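A short worksheet on the structure shown next.
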Amino acid sequence: MPIGVFDSGLGGLCALKELHRILPDADLVYFGDTGRTPYGTRSPETIMKYAAQDARFLLSRNVRAMLIACGTVSTVALNALKISLPVPVFGVVSAASREAAKATENGKIGVMGTGATISSGVFEHELKLINGSLEVTSVACPLLVPVVEYGFADDEIAYLSVKRYLQPVIDAGADTVILGCTHFPLLIKMLKKAAPHITFVDSGAAAAREIAAAFPDKNGSGAVHCCVSDTPSNFNKTARVFLGGELEIKAERVEIEKY
Ligand code: DGL
């Protein structure tokens, strides 16, 4: 039985890639809600509704565990999904917070996420639970998701945007930043250029390592099946680049509103 991974769009591919790297034999099913992205600008009620449909779709594909490779859903809907779903569910918050708390040398951590994620305060809460003396600076970065989704991750637009959003974190003296939105690791080149002294924690990859440790699999066929809610062509191109040339990605289009 496969492990299911979902995101509001492309960002969760970073987590999928890490999961496939660690468990090359595991069968994986990915759903990217490309037709309704972004989630991060929407109300908690809408995010919950979309997340429940995404999860029901993956359940229909018989997944044995689920990774929410989306910072917004992980911060807004994780507990509701954990209670209502019949399979184990993992989000990105706890794994990324643990990695950041371990990585920081000066106890100052930044969190970058969507508006919904930052307003939820969930990363800050988790970090304080791990270590009450951590200083956390959180920044909502709404421009970054469209920059990635529209293919500008390697463009000067991306550099100027990340530089601007990193400023409060740099001013606060953070040495570690959680990329609390799973789209942001696609901007890693620009993030490192803008702040070479900062350690960036990829929240989706951290969560992938967590679920891989809990559900190792050596008996699958290593199949990676991708599904999207909008036309697959752009997604196929990006997914192929992301997952490495050896995987042929042909995403299936799904009517997500039916779930
Ligand atoms: N994948 C979402 C997240 O990690 C970002 C994109 C969106 O706003 O839907 O928060």
Side-chain angles (χ1 to χ4, degrees), residues 4-19 30-55 57-58 66-78 81 89-97 99-100 110-124 126 138-153 158 161-162 165 177-188 191 200-208 210-211 226-230 234-235 238-239 242 256:
V5 180
F6 78 87
D7 178 38
S8 57
L10 292 170
L13 289 175
C14 301
L16 185 74
K17 181 180 180 183
E18 180 68 356
L19 197 50
Y30 181 86
F31 175 68
D33 198 357
T34 51
R36 303 189 296 192
T37 197
Y39 285 10
T41 49
R42 299 183 192 271
S43 67
E45 294 72 27
T46 303
I47 295 166
M48 296 264 216
K49 179 187 150 196
Y50 287 179
Q53 288 178 316
D54 303 344
F57 164 68
L58 286 178
M66 211 178 285
L67 171 59
I68 302 172
C70 175
T72 302
V73 174
S74 299
T75 46
V76 174
L78 177 67
L81 291 177
V89 186
F90 292 71
V92 302
V93 178
S94 54
S97 301
E99 285 197 9
V111 179
M112 296 169 83
T114 62
T117 289
I118 298 306
S119 342
S120 77
V122 170
F123 272 105
E124 195 160 340
E126 184 75 20
S138 301
V139 190
C141 310
L143 278 184
L144 299 187
V145 170
V147 165
V148 170
E149 288 282 335
Y150 288 106
F152 291 111
S161 312
V162 301
Y165 284 131
V177 169
I178 297 177
L179 302 177
C181 168
T182 52
H183 281 58
F184 298 172
L186 289 138
L187 297 162
I188 193 67
L191 287 158
F200 293 98
V201 175
D202 175 341
S203 60
E210 188 181 45
I211 196 169
C226 291
C227 302
V228 290
S229 53
D230 202 354
N234 277 347
F235 180 90
T238 313
F242 252 84
I256 195 64

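Counting starts at 1 for both ligands and their atoms, in listed order. No experiment lies behind these values; they were computed from the predicted model shown. Residues: numbered from 1 along the sequence shown.
To the nearest 0.5 Å, atoms CD (E126) and CD1 (I178) are separated by 9.0 Å.
Counting only distance, with no hydrogens or angles, the side chain of T75 and the backbone of S120 share no donor-acceptor pair below 3.5 Å. In this structure, the side chain of S203 does not engage the main chain of V92 through any donor-acceptor pair within 3.5 Å. A donor-acceptor pair is defined here as one N or O able to donate and one able to accept, closer than 3.5 Å; such a pair exists between the side chain of D7 and the backbone of G12.
Counting atoms of ligand 1 from 1 in the listed order, those under 4.0 Å from a heavy atom of T182 are 1 (N), 3 (C), 4 (O). Within ligand 1, the atoms closer than 4.0 Å to a non-hydrogen atom of T37 are 9 (O), numbered from 1 in the order shown. Listed by number with element, the atoms of ligand 1 under 4.0 Å from a non-hydrogen atom of T114 are 5 (C), 8 (O), 10 (O). The ligand atoms of ligand 1 that sit less than 4.0 angstrom from a heavy atom of D7 are 1 (N), 2 (C). Residue contact check: V145 has heavy atoms under 4.0 Å from atoms 5 (C), 6 (C) of ligand 1.
Using a 4.5 Å heavy-atom threshold, the side chains of V5 and M66 count as separate.
Ligand 1 lies out of reach of G9, whose nearest heavy atom is not under 4.0 Å from it. The shortest separation from a heavy atom of G71 to ligand 1 is under 4.0 Å, placing the residue in contact.
Note: an N/O pair closer than 3.5 Å links Y39 and ligand 1 by distance alone. The shortest N or O to N or O distance between G40 and ligand 1 is under 3.5 Å.
Heavy atoms of T72 found under 4.0 angstrom from ligand 1 belong to the backbone as well as the side chain.
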For D33 and Y39, run side chain to side chain donor-acceptor pair (under 3.5 Å): C-alpha distance rounded to whole Å, both residues' side-chain angles, the deciding distance at 0.1 Å, then the answer. CA-CA 9 Å; D33 198 357; Y39 285 10; 2.4 Å; yes
Apply side chain to side chain donor-acceptor pair (under 3.5 Å) to the pair T117 and T114, showing each step before the final yes or no. CA-CA 5 Å; T117 289; T114 62; 3.3 Å; yes
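Looking from atom 5 (C) of ligand 1 to the surrounding protein, the closest heavy atom is C181 SG, 3.2 Å.
Between K17 and D202 there is no salt bridge, since no side-chain nitrogen of the basic residue lies less than 4.0 Å from a carboxylate oxygen of the acidic one.
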